[in-house]
2 protein chains.
Amino acid sequence: MFESAELGHATPKAEYDKAVPALRAKLLDAQFDLLDLKRFAVVVLINGIDGAGKGETVNLLNEWMDPRHIEAWAFDAPSSEEAERPFMWRFWRALPPKGKIGVLFGNWYSEAIHARAHGDWKRARLEEHLDGIQRFEAMLVHEGVLLVKLWFHLSKAGQKARLKALEKNPKTRWRVTERDWKYYALYDRYRETAEHVLRHTSTGEAPWLIVDGSDERFRSLFVGRTLLDALRKRLDAEQRGWAVRQSAAPLPPLLDGRNLLNSLVLDQPLGKKEYGELLEEYQGRLALLCRSAAFRKHSLVLVFEGADAAGKGGAIRRVTAALDARQFRVHPVAAPTEEERAQPYLWRFWRNLPRQGKVAVFDRSWYGRVLVERVEGFCSEADWMRAYAEINDFEDQLIEAGAVVVKFWLAISADEQLARFKEREAEPHKRFKITAEDWRNREKADDYAKAVCDMVDRTSTERAPWTLVEADNKLYARIKILRTVCERLEAALS
Amino acid sequence: MFESAELGHATPKAEYDKAVPALRAKLLDAQFDLLDLKRFAVVVLINGIDGAGKGETVNLLNEWMDPRHIEAWAFDAPSSEEAERPFMWRFWRALPPKGKIGVLFGNWYSEAIHARAHGDWKRARLEEHLDGIQRFEAMLVHEGVLLVKLWFHLSKAGQKARLKALEKNPKTRWRVTERDWKYYALYDRYRETAEHVLRHTSTGEAPWLIVDGSDERFRSLFVGRTLLDALRKRLDAEQRGWAVRQSAAPLPPLLDGRNLLNSLVLDQPLGKKEYGELLEEYQGRLALLCRSAAFRKHSLVLVFEGADAAGKGGAIRRVTAALDARQFRVHPVAAPTEEERAQPYLWRFWRNLPRQGKVAVFDRSWYGRVLVERVEGFCSEADWMRAYAEINDFEDQLIEAGAVVVKFWLAISADEQLARFKEREAEPHKRFKITAEDWRNREKADDYAKAVCDMVDRTSTERAPWTLVEADNKLYARIKILRTVCERLEAALS
């Protein structure tokens, strides 16, 4: 979930100084159009890790925009007026009217995340609170509110570095208190709680957007652009007509071109000899794990996604070679059949779920919804936006029933892909593997990269994380995959 | 929630025999169109009280319709195949493809309601299960499934009468077991659980429809007509275009013309002398209750709805006369102001919630959404359909915060209303109270009656029930209102 926000994005000063005047002008224009149209209100939620720049961002928005039509609210412990009414009362009072923007800094999420991370709330209480939030936010969206939910993130190392830096400087030393270090000690629990909350309240219409809070300039541009894009998208949708409204969800902007995929070093070294030894080692470990008594209470669900010619098939064969033929099934996923199209899109995966003690390998999977279907426009934005939550929900059910879910994205460089395409075309027995469609897909590489990064950010969870596999060297890729499967199984069976 | 289903609806045999052939023909036509169009699947859920005719209805549907394109499923304890996969697996297997109808008799609700009523599940577990159901059903609806959820109801007396009748007849005596009487003893808990479950899973797109199960002929026509209407409405929506789909929710049919309002005896006797004595008694009780120490931890929210000239104002004055002027506020609710229209429709009620120790009287209320706005077309069907759940949620939050919520519908006959209109027109100081709009509203009396009955069925809950007030005799109405307020307060403060 926080993968993209931990890449260490940063914006150089010169670039920032150049971008800000235009951004501010556009934000003011959008704000004016919003006021002029008076058809919807904007609610911006500001949440996140301490020190990730929440307060600074609220100040910045106030500075950048017309302060008469944007209102920031901070909520502390409830007053007696507030405590004697339902919990949501004070938030209702803060709702902006149509045409205006409300920034809610400290809101219906704050207390719940804090209390759960500090162990004051039990899980059931949190769940009940989140349900109430979901109903409330669904109502806001139905009533036409544009909801922009921003989570300010800092990695654990980033958080520590920030506190150390403040302490080192005599002028800022006073800002670091014992409480800060106490909270820092709780970082992992806070992060885990946040991941749970964000995942369960990210909906198709009102998804969470994660802000990398480590660099002030990047963060400021990111928030400004997010707000601008969300406003423009919705204003356009309003002008085109009512029905478009609910598919005009806010999405994160592309800023510095850095993403999860292009941050990988795709060509990893591994020689044939070492490969042979490691292959034997991991296949042996996998075989033993899948034959163990403990595995009879579990199942294994492997998901292979990746660019064309990234080596999914070869990797799958190296995995299944370790297994008894009666124990596994490989499900190649192509365009849905007529029977499958007559059902909800997850149906064809549900019918192929393994029972306990079995292994199901999906060569492409339910993620097609947010990859090919998104990029090719086979479904609407509203459809693929809601799919993230539906997929998380689906995998949660698998895990609850004992499945170990391991998901791989095989990444190759454009050059390596081209070389493999040409090689396939040259070899008669591999020529069937390459079609005109493969060449077309290459032209949409940027769209696919965006879709892959969003997919990882929105569906990589503690219980079912994505593993990105550097696959320019096939040998390295296969070993990384086998090792990951072994480690995940060992963790689950121990 | 079960109010309309306990009126004792019944269909005479001659009427039934006349209606069935046409109904069957239309159902077959609709089924054929569904198959021909192949644009959506239909899932019918059959749940309810034992003995209310669930099994018989499933058999009937199979008999009435083309059995090749309708499939009924019953689910017992899970097989080992099923137990080793996620809970929802077997229901996914039973989903009908587009063009077909699946009848699920025993489904994702059955175990949860049973286990909770029998005390085997804790509340938190039920809530979690219901959340999963809500997500699943929302996904089905998004994927285009027409979901018809039928709850077969029998009153406690009806249930008892049924068991006694079976026992009395030597031919059917064997059908009544000890288990039946054990379940009967749990009737109240079962009903309470069912009410909770139905309320929390009735959504705008997939509401529950309550079937009065006491009379076989009425029940059969009701189910047949419900299914027919739902199919036709959705088929029409499909033909008009995609966007209409989600506002084509199934609604209960009007069959025998009997409803909650016309089942009331509106002219109840109460003389002036007795009225004076009772007025004094109840106003005194109310005054003491609102001044008691216990009330300082509560608040009182009174909702007055009713036809024009039903006597809301007079009744409100009799209530407030018992209170200290600093303790209460009356909120007359008319068309929303510009400020209010710029906010979600519940906003203007949230801002007027009383703090503890105070009384808020709403002369008309948030129910305008499902009354005047529905009937006059001021909001879409999708808007007022989702409002029931939003209003229940709103009142739940009030109650959680200590409020006692008492809701009155003042019912008068058309004749009495006409007499009062004429009287108002004749008296100069009352003339302002009667407008052209009031005369227009009279012409829509049937639409309003339907809206009122739906409102009571969907928002009368154990914690915030509606009280229907027979108001042709103003004196009787005022006393019934005062008595109800006193009793509800006494129950809450004790």
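In what follows, every chain begins at residue 1, and chains take the letters A, B, ... in the order their sequences are listed.
Between A:Arg123 and B:Glu128 there is a salt bridge, since at least one side-chain N of the basic residue sits less than 4.0 Å from a carboxylate O of the acidic one.
Here B:Pro354 is the residue among B:Ser299, B:Gly402, B:Pro354, B:Ala387 with the most heavy-atom pairs under 4.5 Å with chain A. In terms of heavy-atom pairs under 4.5 Å with chain A, the best-connected choice from B:Ala83, B:Ala389, B:Ala138, B:Pro96 is B:Pro96. Interface remark: of the candidates A:Gln356, A:Arg351, A:Arg355, A:Arg355 forms the most heavy-atom pairs closer than 4.5 Å to chain B. Taking chain A as the reference chain and counting heavy-atom pairs below 4.5 Å, the highest number among B:Glu390, B:Lys100, B:Glu82, B:Lys358 is found for B:Glu390. With chain B as the partner, the residue from A:Ala403, A:Ala401, A:Pro97 showing the most heavy-atom pairs under 4.5 Å is A:Pro97.
Here CZ of A:Phe394 is found 14.0 Å from CZ of B:Arg135. Values are rounded to the nearest 0.5 Å. Taken from CD in A:Gln343 to CG in B:Leu140, the straight-line distance is 10.0 Å, to the nearest 0.5 Å. Distance check, rounded to the nearest 0.5 Å: NE2 of B:His142 to OH of A:Tyr345 gives 10.5 Å. Residue B:Asp131 holds its CG atom at 9.0 Å from NE2 of A:His200, rounded to the nearest 0.5 Å. Atom CH2 of residue B:Trp89 and atom CG of residue A:Leu353 lie 8.0 Å apart, to the nearest 0.5 angstrom. Rounding to the nearest 0.5 Å places CH2 of B:Trp350 at 11.0 Å from CZ of A:Arg85.
A:Leu346 touches chain B through backbone and side chain together, each having a heavy atom under 4.5 Å away. Neither the backbone nor the side chain of A:Ala41 comes within contact range of chain B, judged by heavy atoms closer than 4.5 Å. Interface remark: B:Glu81 contributes backbone and side-chain atoms alike to the contact with chain A (heavy atom separation under 4.5 Å). Of the atoms belonging to A:Ser80, heavy atoms from both backbone and side chain fall under 4.5 Å from chain B. Looking at B:Arg125, there are no atoms closer than 4.5 Å to chain A (heavy atoms on both sides), in backbone or side chain. Residue A:Glu400 does not touch chain B at all, counting heavy-atom pairs closer than 4.5 Å. Contacts between A:Arg386 and chain B at a heavy-atom distance below 4.5 Å involve the side chain alone, from C-beta outward.
Under the 4.5 Å side-chain criterion, counting only non-hydrogen atoms from C-beta, B:Glu127 is not in contact with A:Glu127. A 4.5 Å side-chain heavy-atom check between A:Met88 and B:Gln397 finds at least one atom pair inside the cut-off. Counting heavy atoms from C-beta on, the side chains of A:Trp92 and B:Pro344 come closer than 4.5 Å.
The nearest pair of heavy atoms linking A:Ala124 to B:Ala124 is CB-CB, 4.0 Å.
Remark: B:Arg463 CZ is packed, more than 12 non-hydrogen atoms of other residues, nucleotides or ligands lying under 6.0 Å away. By the 6.0 Å contact criterion, CZ on A:Arg296 is open, its count of non-hydrogen atoms from other residues, nucleotides or ligands being 12 or less.
Of the possible polar contacts, none joining the B:Lys98 side chain to the A:Glu339 backbone as a donor-acceptor pair under 3.5 Å is found.
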